[in-house]
Amino acid sequence: MLSLGSTVPKHFMAVVTLRILLGVSQGFIFPCVHTLLATWVPPSERSRLGTFVYAGSPLGNVLMLAISGLLASSSLGWPSIFYASGIIGVIWTALFFTFGSNSPEVDVRITPTEREFIQESLGQETDTEEIKKLTTPWRRIFTSLPFISLIVAHSAQNWGFWTLLTEIPTYMKNVLEMDIKKNALLSALPYLVMWLGSFVMSPISDYLINRGYLSVGNTRKLFNSIGLYIPMFALIGLGYVTKDHTEIAVFLLTFGVGINSGTYVGFM
């Protein structure tokens, strides 16, 4: 029987530890984005501006997946993929700390007119002393059906999104047997369609809400269902596609990931 040391690659635990730290750190990003949107964006523009912000995620995937093949096949080798993405993250952090603000109230660059417009549209109180007296109803939050529903929807979407993001390049290489450069470009295609699709979904969502055709809640449920159920059927179909039908496989992956953009105006 082989010992654990003979089967585990060198530095395995270091990689696992770094991945855990990366995941924990990234876990704060979307809650922070949700909070910023809640304090900055008027309700009538929330679908459009929220989607514009969230669309940065698939756009980043497009850029990194598209250039990853070139980086990996260059003289710098595969580690350059991680160095490049890490440097971009540091640059983004520096820009955010320099120009970002928690709310319109504390932003020194916003005009008084714009600040007043945002506050009035959100129904915000200007008396910060009153806000400080509020307590968070943790028990009611964790027993709230809408809150639990959001957790379930978010978990389901993230499971599929990150599984596909990490496994599409492997699928392209091992199942469809594509070379690394072509693999990278085709792996980026679904996220390019997702990025473009988000700008189609968001104005439709705002139109349905602002014209009174559907309530905010029903609109969110509609697009969330579109963004989760249709990709589910696309992935089921993908399981029956062989490497002899590469075009169908790429289409199902691209369509499934692209239509997932509906979740940006759904649970997000």
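- Residue-environment remark: CG (Asn218) exceeds the threshold of 12 foreign heavy atoms within 6.0 Å.
- For the pair Arg139 and Thr143, the tightest heavy-atom approach, listed with the atom from each and the gap, is O-OG1, 2.7 Å.
- Closest of all the heavy-atom pairs between Ile81 and Met64 is O-CE, 3.7 Å.
- The aromatic rings of Trp138 and Phe142 sit parallel to each other, their planes meeting at less than 30°, with 60° as the upper class boundary.
- Side-chain contact check for Val41 versus Val53: every heavy-atom pair is 4.5 Å or farther apart.
- Within 6.0 Å of NE2 on His245 lie no more than 12 heavy atoms contributed by other residues, nucleotides or ligands.
- Below 30°, between 30° and 60°, or above 60°: for Tyr264 and Tyr54 the angle between ring planes is below 30°, a parallel geometry.
- Across Pro231 and Gly256, no two heavy atoms sit closer than the pair CG-O, 3.2 Å.
- The heavy-atom pair separating Ser80 from Ser74 by the smallest distance is OG-OG, 4.4 Å.
- No donor-acceptor pair under 3.5 Å is formed between the side chain of Ser155 and the backbone N or O of Val152.
- Take Ser75 and apply the side-chain hydrogen bond (donor to acceptor under 3.5 Å, both in side chains) test, not counting sequence neighbours, and it matches no residue.
- Taking hydrophobic clusters as Ile, Leu, Val, Met, Phe, Trp and Tyr residues chained together by side-chain heavy-atom distances below 4.5 Å, Phe28 shares a cluster with Ile20.
- Considering CH2 of Trp162 and CG of Asn61, their distance stands at 6.0 Å, rounded to 0.5 Å.
- Ring geometry for Phe96 versus Trp92: interplanar angle under 30°, hence parallel rather than tilted (30 to 60°).
- Under a hydrophobic clustering in which Ile, Leu, Val, Met, Phe, Trp and Tyr are joined whenever their side-chain heavy atoms come within less than 4.5 Å, directly or via other members, Ile230 and Ile248 fall into the same cluster.
- Taking 4.5 Å as the limit, every side-chain heavy atom of Tyr171 sits out of range of all side-chain heavy atoms of Glu167.
- With a 4.5 Å cut-off on side-chain heavy atoms, Leu65 and Leu165 count as touching.
- Considering only heavy atoms from C-beta on, Asp107 comes within 4.5 Å of Trp40 through its side chain.
- Counting heavy atoms from C-beta outward, Leu196 and Val200 have side chains that stay 4.5 Å or more apart.
- Counting heavy atoms from C-beta on, the side chains of Ile259 and Met201 come closer than 4.5 Å.
- Taking CZ from Arg220 and CG from Leu150, the interatomic distance works out to 11.0 Å, rounded to the nearest 0.5 Å.
- Atoms CG and OG1, from Leu176 and Thr242 in turn, are 9.0 Å apart once rounded to the nearest 0.5 Å.
- Here the side chain of Thr163 pairs no donor or acceptor atom with the backbone of Gly160 at under 3.5 angstrom.
- Considering every non-hydrogen atom in both Leu36 and Ser101, the closest pair reads CD2-O, 3.6 Å.
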Leu22 and Arg19: CA distance, side-chain angles, deciding distance, side chain to side chain contact (heavy atoms under 4.5 Å, CB included) verdict:
CA-CA 5 Å; Leu22 183 62; Arg19 286 294 300 160; 3.1 Å; yes
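- Residue Leu228 holds its CG atom at 7.0 Å from CZ of Phe267, rounded to the nearest 0.5 Å.
- Neither Val216 nor Met268 shares a network with the other; the hydrophobic side chains, linked directly or stepwise wherever heavy atoms of I, L, V, M, F, W or Y lie under 4.5 Å apart, form separate groups for each.
- Of the possible donor and acceptor atoms, none in the side chain of Ser144 sits under 3.5 Å from a partner among the backbone N and O of Arg140.
- Between the CZ atom of Phe52 and the CG atom of Leu59 there is a distance of 9.5 Å, given to the nearest 0.5 Å.
- Note on Val193 and Val265: same hydrophobic cluster, where clusters join Ile, Leu, Val, Met, Phe, Trp and Tyr whose side-chain heavy atoms are under 4.5 Å apart, directly or indirectly.
- Taking CG of Asn260 as the reference point, atom CG of Leu164 lies at 8.5 Å (rounded to 0.5 Å).
- Counting only heavy atoms from C-beta outward, the side chains of Leu208 and Phe223 approach each other to under 4.5 Å.
- Among Ile168, Asn174, Val175, the one residue that satisfies the side-chain contact (heavy atoms from CB on, under 4.5 Å) test with Met172 is Ile168.
- Few gaps surround CZ on Phe147; more than 12 heavy atoms of other groups in view lie less than 6.0 Å from it.
- Annotation: side chain of Phe255 is not in contact with side chain of Leu238 (no heavy-atom distance under 4.5 Å).
- No single ILVMFWY cluster, assembled from side-chain heavy atoms under 4.5 Å apart, contains both Ile29 and Phe97.
- For Phe199, the CZ atom sits in a packed shell: over 12 heavy atoms of surrounding residues, nucleotides or ligands are nearer than 6.0 Å.
- Between Ser202 and Thr51, the shortest heavy-atom distance links the atoms CB-OG1, 3.3 Å.
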